[in-house]
Amino acid sequence: MVMVSSVVRLLLMVQLLLAMAATDEALDTRYYAATCPDAEAIVRNAMERLHYTDPTLAPALIRLLFHDCFVRGCDASVLIVPTPRYSSDRAAVPNHTLRGFGAVDAVKRALEAAYPAAVSCADALALMARDAVALLGGNRYDVALGRRDGTQSNPWEVDLPAPFARLDDVLAYFAARGFSAEETVVLFGAHTVGGAHCSSFRYRLTRPDGAMDETLRCDMLDTCGAAELPLDTDPATFFDPDTPFTVDNNYYAQLMSNRTLLQVDQEAATHPDTAPHVAYYAASPDAFMQRFSEAMAKLSNVGGLEGDAGEVRKVCSRYNN
Ligand code: HEM
């Protein structure tokens, strides 16, 4: 059984690496110049409206892109709704707290109204995440376009790290997708926006690991309580309570003072491969802003489908047929 799952993982990794190599060459910032010249403007206008109605959406969309791109590449597989007939990525545990699906559907409707069947959901999500970063005060970056939407989405392929994963394993996992330890630390910086449900870190409150600031631990016990609650009553709290809707380097200062919620993030402050990067970005706000946008652009290019592969979904939450 262990052997079979190792072989499946190996095959998936080879598939991902092959797709990565292919995608880098084929994507193009002017991909929709003829078929949907306003695509970027349509997405930006919709994102601005959504952001002013609900500022918590932008962090959710950045996370959605990560969960899409690191599983089968950026192919919008994370958007498929599970049905009684077939399951999908969304049924996997790491995806239970994902949000923003309604926003993607709304943006896709706006794109379909202007240019039917032109823009893929994978491209729409990549553009939405880029705009989310910019709306949260991050640097704007170019997004190469031309991704196609996948026709497979399987919960058993979702191997995203847990919040209690060991950092050694997480660094290997990111490296398998082409990200160095430095880039991994930079992407972790996304945890400067948005927040987490108590279920992701409550065990650190009741069984102290010695790596969480005692004042934060007591505050979080007040917020979360000591007992597990069902997901729908599971409180959520901001990663960076001072500026939860601003992309900035506060996250690294929090790491260095043991004031972060997730165990895996905290380990980055002391692991020999990541600690120097954490210290550097804590002291270098401009460098972080630049590298964060570069890392997000790279994240948007992981794997995926192009050319005639896959399809352009009409509705992002379901396959065309
Ligand atoms: C080892 C890697 C990672 C782990 C274990 C992890 C885990 C988590 C967890 C547990 C949450 C809270 C979910 C909840 O309880 O609602 C979260 C939130 C978030 N994550 Fe990560 N994450 C990782 C990497 C990343 C990366 C690479 C990005 C983006 C580049 C990212 C972006 C976010 C954002 C923006 C949120 C806030 C979402 C919201 O407010 O809805 N994460 N992450």
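Atoms within a ligand are numbered from 1 in the order they appear, just like the ligands themselves. On a predicted model such as this, the values are computed, not experimentally measured, just so you know.
Counting heavy atoms from C-beta outward, Tyr32 and Glu40 have side chains that stay 4.5 Å or more apart. Under the 4.5 Å side-chain criterion, counting only non-hydrogen atoms from C-beta, Ser317 is in contact with Asp105. Here the side chains of Arg318 and Val81 are not in contact, with every heavy-atom distance at 4.5 Å or above. Contact check for Leu262 versus Phe239: side-chain heavy atoms found under the 4.5 Å cut-off.
The shortest contact between atom 21 (Fe) of ligand 1 and any protein heavy atom is with His191 NE2, 2.1 Å. The protein non-hydrogen atom at the shortest distance from atom 15 (O) of ligand 1 is His197 N, 2.7 Å. What sits closest to atom 9 (C) of ligand 1 on the protein, heavy atoms only, is Leu262 CD1, 3.8 Å. The nearest heavy-atom contact from the protein to atom 35 (C) of ligand 1 is Pro59 O, 3.2 Å. Nearest protein heavy-atom contact of atom 2 (C) of ligand 1 is Phe188 CE1, 3.7 Å. Of the protein's non-hydrogen atoms, Arg63 CD, 3.8 Å is the one closest to atom 36 (C) of ligand 1. Of the protein's non-hydrogen atoms, the one nearest atom 32 (C) of ligand 1 is Ala190 CB, 3.6 Å. From the protein, the heavy atom lying nearest to atom 39 (C) of ligand 1 is Arg99 NH2, 3.7 Å.
Geometrically, ligand 1 and Thr56 share no nitrogen or oxygen pair separated by less than 3.5 Å. For a threshold of 3.5 Å applied to N or O pairs, the pair formed by Gly195 and ligand 1 contains at least one separation below that value.
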- [ ] Go through the steps for Arg166 and Glu267 under the test salt bridge (Lys or Arg N to Asp or Glu O under 4.0 Å), then give the verdict.
- [x] CA-CA 8 Å; Arg166 300 312 307 189; Glu267 199 186 340; 3.7 Å; yes
Task: Step-by-step side-chain contact (heavy atoms from CB on, under 4.5 Å) determination, Val78 to Asn95 - done: CA-CA 8 Å; Val78 76; Asn95 291 337; 4.0 Å; yes
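Of the inter-residue distances, the one linking Thr260 atom OG1 with Asp265 atom CG reads 4.5 Å to the nearest 0.5 angstrom. Rounding to the nearest 0.5 angstrom, the gap separating the CD atom in Glu183 from the CZ atom in Arg177 is 14.0 Å. To the nearest 0.5 Å, atom CD of residue Glu311 and atom SG of residue Cys121 are 8.5 Å apart.
Near Val170, meaning under 4.0 Å from one of its heavy atoms, ligand 1 places the atoms 1 (C). Close contacts between ligand 1 and Ala162 involve ligand atoms 5 (C) [criterion: under 4.0 Å to a heavy atom].
Cation-pi geometry between Arg291 and Tyr280 is not met: the NZ or CZ atom fails to fall both under 6.0 Å from the ring centre and inside 45° of the normal.
Contacts of Tyr173 with ligand 1, taken as heavy-atom pairs under 4.0 Å, are absent altogether. With a heavy-atom cut-off of 4.0 Å, Leu187 touches ligand 1 through backbone and side chain alike. Residue-level proximity to ligand 1 for Ser200 is carried by the side chain, the only part with a heavy atom below 4.0 angstrom. If you look at Ala295 next to ligand 1, there are no close heavy atoms at all, none under 4.0 Å. Neither the backbone nor the side chain of Leu65 comes within 4.0 Å of ligand 1, counting heavy atoms alone.
There is a side-chain donor-acceptor pair under 3.5 Å between Glu182 and Tyr281.
Classification of Asp131 and Arg44 as a salt-bridged pair fails, no side-chain N sitting under 4.0 Å from a carboxylate O.
Judged by the shortest distance from any of its heavy atoms, Ala165 lies outside the 4.0 Å radius around the atoms of ligand 1. Ligand 1 does not have Ala236 within reach: every non-hydrogen atom of the residue lies 4.0 Å or more from it. In this structure, Phe239 is part of the shell of residues with a heavy atom less than 4.0 angstrom from ligand 1.
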